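Take a look at the structure below.
Numbering of ligands and ligand atoms starts at 1, following listing order. The model shown is predicted, which means the values in this text are computed figures rather than measured ones.
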Amino acid sequence: MEAILLVGGRGTRLRPLTISTPKPLLPTAGVAFLAHQLARAGALGVERIVFATSYRAEMFEAAFGSRAYGVELAYVSEREPLGTGGAIRNAATALRSGGDDPVLILNGDILSGHDVAAQVRLHEDAGAEVTLHLTEVPDPSRFGVVPTDEQGRVTAFLEKAARPVTNQINAGCYVFRRAAIDTIPEGEVVSVERETFPGLIASGALVMGHVESAYWLDVGTPEAFVQGSRDLVLGRLESPAMPGPAGERLVLERAVVAPGAVVRGGTTVGRGAVVEAGATVVGSVLLDDAFVAEGATVRDSVLSRGARVGPGATLDGVILGDGAIVGPGNELRDGLRVWPGIDLPATAIRFSTDA
Ligand code: GTP
């Protein structure tokens with residue numbers, strides 16, 4: 001089976017992490033986020049994947065080349081971003097599948113433990129045009145929802161509402177009959193969620209829903225990105241791409257965790273990163289060459305490449321961009337994002353949201 005991987009988004013909600021690196025390539029539990037998806041696809045028997053690229057397109061081929069995790073890889077880039085539907089149509093020019101073959105489409109920012117083989121079986125048994133993975137969420141009011149009938153047929157794509165009719169949402173993994181992709185207009189900006197799926201349903205095409213609530217996470221926000229990394233390190237979602245055993249922490253080559261430092265809760269300590277004695281790092285992502293000085297506390301945060309946290313500083317739910325420096329004793333909390341190169345020395349303003 002072939003797949004298309006949608007990886008062309010700008011990842012604006014994850015800035016400043018996505019300034020230098022597109023979201024699907026952000027290091028997550030020690031490897032590029034996509035490595036987890038590629039390894040799962042390889043294990044599933046996907047033979048070939050076409051990357052639909054746009055933002056920082058060249059970085060994907062540089063990262064994965066022509067083969068990874070037993071899967072042959074090809075790359076198709078959009079000159080201007082075409083949206084999710086337009087990207088699928090554009091990338092389909094590189095597919096080799098026949099008209100009735102199933103083609104898997106994956107959003108490049110989803111961690112999912114669902115049974116893709118079962119989703120493909122449902123698609124083939126039903127003779128569907130498209131079969132979507134739907135997951136159930138406790139509070140669907142933040143999402144558009146996707147109701148199905150008793151046979152599992154999708155009956156509508158509904159926008160966000162205060163009282164949604166179902167808790168099933170689109171989980172960002174689709175099986176398309178190859179020929180169904182050609183119903184998407186060529187060379188135009190198209191949203192698969194807002195245009196293609198509602199259009200197919202309105203035209204009477206058979207669109208099925210594979211409802212399965214296994215582990216599922218959209219890592220599009222900073223909080224979710226940190227959670228995804230943490231869950232992989234802790235083993236809440238198994239990934240064949242993990243570079244070490246699951247546990248409280250994943251410490252990569254050349255990293256130094258001093259005796260007397262506490263590093264736990266699914267934290268990743270990147271290559272060459274340092275955690276000094278008396279520091280505490282919980283549930284966080286330290287990218288390569290990040291530095292946490294003695295007595296500092298870092299919780300549920302991301303330190304990008306070369307970011308530095310001074311002695312005794314506290315970070316809770318914070319994103320530091322590449323090379324950002326937080327001086328001694330500063331307190332940063334609650335979704336604060338420090339852009340690359342912004343310096344917060346001890347003599348500057350003391351940052352504290354609960355002061
Ligand atoms: P935000 O800007 O933070 O909303 O992130 P995003 O740009 O990644 O958008 P979104 O999360 O809605 O995208 C879902 C998936 O589709 C991601 O894997 C994106 O990389 C991908 N995607 C979104 N828009 C495009 C596009 O225009 N072209 C391509 N090739 N992929 C896209």
Side-chain angles (χ1 to χ4, degrees), residues 2-26 28 32-38 40-41 49-61 63-64 73-95 103-112 116 130 132-135 137 142-144 146 157 159-160 169-176 181 184-198 216-228 302 319 321 335 337 339:
E2 288 187 296
I4 292 174
L5 195 49
L6 295 171
V7 293
R10 300 188 74 86
T12 51
R13 287 166 299 158
L14 268 183
R15 285 181 187 159
L17 300 178
T18 45
I19 293 174
S20 59
T21 308
K23 175 166 59 175
L25 293 182
L26 287 174
T28 313
F33 180 80
L34 278 187
H36 300 290
Q37 280 186 333
L38 294 178
R40 280 183 63 84
I49 295 182
V50 180
F51 282 55
T53 64
S54 173
Y55 177 61
R56 295 192 175 272
E58 68 296 340
M59 289 182 74
F60 291 91
E61 193 160 1
F64 294 110
L73 307 177
Y75 303 85
V76 177
S77 187
E78 295 137 50
R79 233 173 291 146
E80 295 295 327
L82 291 172
T84 45
I88 295 170
R89 177 71 159 100
N90 192 54
T93 53
L95 291 173
V103 175
L104 192 63
I105 315 279
L106 300 161
N107 272 5
D109 55 0
I110 301 289
L111 275 179
S112 178
V116 180
V130 179
L132 297 93
H133 172 213
L134 306 177
T135 189
V137 292
R142 294 187 298 121
F143 304 89
V146 187
F157 251 74
E159 298 285 337
K160 264 185 226 174
I169 64 161
N170 170 13
C173 172
Y174 323 119
V175 185
F176 270 71
I181 297 176
I184 302 171
E186 198 177 359
E188 289 177 26
V189 177
V190 179
S191 160
V192 80
E193 301 86 353
R194 284 191 298 277
E195 295 165 72
T196 310
F197 295 144
W216 181 84
L217 187 69
D218 173 346
V219 300
T221 63
E223 302 73 33
F225 173 71
V226 179
Q227 188 190 330
V302 183
I319 305 292
R337 303 176 190 210
W339 245 243

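Annotation: ring pair (Phe, Tyr, Trp, His ring centres under 6.0 Å) contacts of Phe33 (sequence neighbours excluded): none. Annotation: side-chain contact (heavy atoms from CB on, under 4.5 Å) contacts of Leu17 (sequence neighbours excluded): Leu14, Leu26, Phe225, Val302, Ser304, Ile319. Contacts of Phe64 classified as ring pair (Phe, Tyr, Trp, His ring centres under 6.0 Å), with partners at least two apart in sequence or in another chain: none.
Checked by atom type, the side-chain pair Thr53/Glu78 shows no donor-acceptor distance below 3.5 Å.
Closest approach of Gly108 and Leu34 over heavy atoms only: O-CD2, 4.0 Å.
Listed by chain and number, residues touching ligand 1 at under 4.0 Å (heavy atoms only) are Leu6, Val7, Gly8, Gly9, Arg10, Gly11, Thr12, Arg13, Lys23, Ala52, Glu78, Pro81, Leu82, Gly83, Thr84, Ala87, Asn107, Gly108, Asp109.
In this structure, the separation between OG1 on Thr93 and CD1 on Ile181 is 10.5 Å, given to the nearest 0.5 Å.
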